[in-house]
Amino acid sequence: MLADKRILLIIGGGIAAYKALDLIRRLREQGAAVTPVLTRAGEEFVTPLSVSALAAQKVYRDLFDLTDEAEMGHIELSRAADLVVVAPATADLMAKMAGGLANDLASTLLLATDKRVMIAPSMNVRMWDHPATQRNFAQLQADGVMVVGPGEGPMACGEFGPGRMAEVPDIVAAIGAALGDGPLKGRHVLVTSGPTHEPIDPVRYIANRSSGAQGAALAAALRDLGARVSFITGPASVPAPAGVDVVAVETAQQMADAVAAALPADAAVFAAAVADWRVANAAGQKMKKDGTGKPPALEFAENPDILARVAQMGDGRPRLVVGFAAETEHVADYATAKRARKGCDWIVANDVSPETGIMGGAENAVTLITGQGAESWPRLPKAEVARRLALRIADALG
Ligand code: C5P
């Protein structure tokens, strides 16, 4: 998948540096050539010998190493790659990148390169959450730096939360996608995700419990296969993945407009939990108790069915239209009927009975309904469901 690609890998000084060794192996397995650069701090975690042995290349360490300058100057080194990857990207390295510092070999290469840069952040959760790091992170994203991770989970420092470096297979997949080698290269896929908020008045709204986790995972999986992803999301509780075109909306009507604006697409996946109804008589000012003890009467109007609208459009219909169905009983039967009613190609159905813990949880057990029938998948992490679904979409688009 990465045959003949050249990757300049900058290894920062964090505990996750040990994963960089495995990353080198996996990248080389895929046919990539890895030129490693080890920061001073990185050397405290992994040795230059193990890095260069795994890369089967010299490891670059010092800006003022004259031999290096004779063999290959730092400018050339920064450009003789298809992609620059920083893993682990520590808080310090991210700060240097965001500020444009060039006071060691790694930061100088990052400032001098004319190639795309991907970072895999890794740090303690407090350091990640710190406003300074978040500021630097936002700056790097604005500068076009690609990001993979960080994930959430137990950390070597004993704390738990975001800041854990992405796992090696995810970094390899993101590199593959960035180098445009995935099966969805050149395809545009639209994904809706999250809940919608339907206002009652300027401060109150009707919502639902969708976290947006499955939609976000799906957008990331499609991106990893090389697709350009338009990610149209209601107010979700999980962040949108990096490297996708995010359109943030609140109401179903706004989501419908954003979907129409994002078309045409090769495929469209409707993972959002859209409110069926909006408040027709939403108040322009905050509603007050009127002293009579009588509750206000809300009137409802039907929201557009975005999935059905796109599935049933003539010209410009995406080749593959996929809906989701959350059911609490007779999952396959209800979802099969929904597929016919909406006119979509596939329905991804799941059982959201409270005892399954699926709604808002980390796992999903889905039944895929296609024209060929129903296929039940085992219970899997949402990221794995997303990966399998993205591969099926790639297959269907051919
Ligand atoms: O009819 P129901 O809400 O169960 O259908 C669920 C599917 O339809 C999901 O894919 C959801 O994203 C989509 N949908 C939509 N617009 C609506 C309601 C549902 O796109 N107004």
Side-chain angles (χ1 to χ4, degrees), residues 189-199 205-219 221-222 229-236 238 240 247-263 265 267-280 300-313 316-318 320-353 356 358-360 364 366-370 374 382 385-386 389-390 392-393 396:
V189 184
L190 183 158
V191 178
T192 69
S193 183
T196 62
H197 284 183
E198 305 297 333
Y205 56 82
I206 295 173
N208 62 66
R209 294 187 195 281
S210 166
S211 64
Q214 188 63 79
L218 189 60
L222 291 161
V229 179
S230 291
F231 185 63
I232 298 162
T233 176
V238 304
V247 185
V249 298
E250 285 201 358
T251 67
Q253 188 58 56
Q254 291 168 355
M255 188 172 276
D257 293 344
V259 165
L263 290 172
V269 186
F270 295 87
V274 185
D276 291 322
W277 304 94
R278 66 177 173 277
V279 179
F300 290 91
E302 198 170 0
N303 270 330
D305 189 323
I306 311 168
L307 165 63
R309 212 184 243 187
V310 172
Q312 292 166 29
M313 67 194 276
R317 181 192 191 272
L320 185 71
V321 177
V322 183
F324 272 67
E327 307 287 357
T328 55
E329 55 177 356
H330 308 302
V331 176
D333 288 349
Y334 284 177
T336 303
K338 188 167 291 182
R339 175 178 173 274
R341 200 168 59 244
K342 302 249 186 189
C344 58
D345 301 298
W346 299 350
I347 285 272
V348 182
N350 50 9
D351 184 347
V352 292
S353 317
T356 64
I358 281 173
M359 197 101 176
N364 207 350
V366 310
T367 303
L368 180 65
I369 316 279
T370 69
K382 285 184 175 169
V385 170
L389 203 54
R392 287 292 284 266
I393 292 170

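Note that the numbering runs from 1 along the sequence shown for the chain. One-based numbering, in listed order, for ligands and for the atoms of each.
Within ligand 1, the atoms closer than 4.0 Å to a non-hydrogen atom of Pro304 are 16 (N), 17 (C), 21 (N), numbered from 1 in the order shown. When each atom of ligand 1 is checked for a heavy atom of Phe270 under 4.0 Å away, the hits are 9 (C), 10 (O), 11 (C), 12 (O). For ligand 1, the atoms closer than 4.0 angstrom to any heavy atom of Gly323 are 10 (O).
Looking at Thr251, its side chain does come within 3.5 Å of a backbone N or O of Gln254 through a donor-acceptor pair. With hydrogens and angles ignored, the 3.5 Å screen pairs no side-chain donor or acceptor of Thr367 with any backbone N or O of Ala374. With hydrogens and angles ignored, the 3.5 Å screen pairs no side-chain donor or acceptor of Arg339 with any backbone N or O of Ile347.
Of the protein's heavy atoms, Ile306 N, 3.0 Å lies nearest to atom 16 (N) of ligand 1. Of all protein heavy atoms, the one lying nearest to atom 4 (O) of ligand 1 is Lys338 NZ, 2.3 Å. Residue, atom and distance of the protein heavy atom nearest to atom 19 (C) of ligand 1 are Lys342 NZ, 3.8 Å. The shortest contact between atom 3 (O) of ligand 1 and any protein heavy atom is with Asp276 OD1, 4.0 Å. With hydrogens left out, the protein atom closest to atom 7 (C) of ligand 1 is Phe324 O, 3.0 Å, a heavy atom. Looking only at heavy atoms of the protein, atom 20 (O) of ligand 1 is closest to Leu307 N, 2.9 Å. Nearest protein neighbour of atom 11 (C) of ligand 1, counting heavy atoms only, is Ala272 O, 3.3 Å.
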Show, in sequence, the C-alpha distance, side-chain angles and deciding distance for Asn350 and Asn364, and conclude whether the side chain to side chain donor-acceptor pair (under 3.5 Å) test is met. CA-CA 7 Å; Asn350 50 9; Asn364 207 350; 3.1 Å; yes
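Using a 4.0 Å cut-off between charged nitrogen and carboxylate oxygen, Lys338 and Glu327 count as a salt-bridge pair. Salt bridge absent: Arg341 and Asp305 never bring a charged side-chain N and a carboxylate O closer than 4.0 Å.
The heavy atom nearest to atom 18 (C) of ligand 1, considering only Ile347, Val321, Val274, Val310, is found in Val274. Of the options Thr192, Thr196, Val322, Asp305, the smallest heavy-atom separation from atom 14 (N) of ligand 1 is shown by Asp305.
In this structure, the side chains of Val259 and Phe270 come closer than 4.5 Å at one or more pairs of heavy atoms.
Heavy-atom minimum distance, Lys342 versus Gln312: O-NE2, 2.8 Å. Closest approach of Thr196 and Met255 over heavy atoms only: CG2-CE, 4.2 Å.
At a heavy-atom distance under 4.0 Å, no atom of Ala308 approaches ligand 1.
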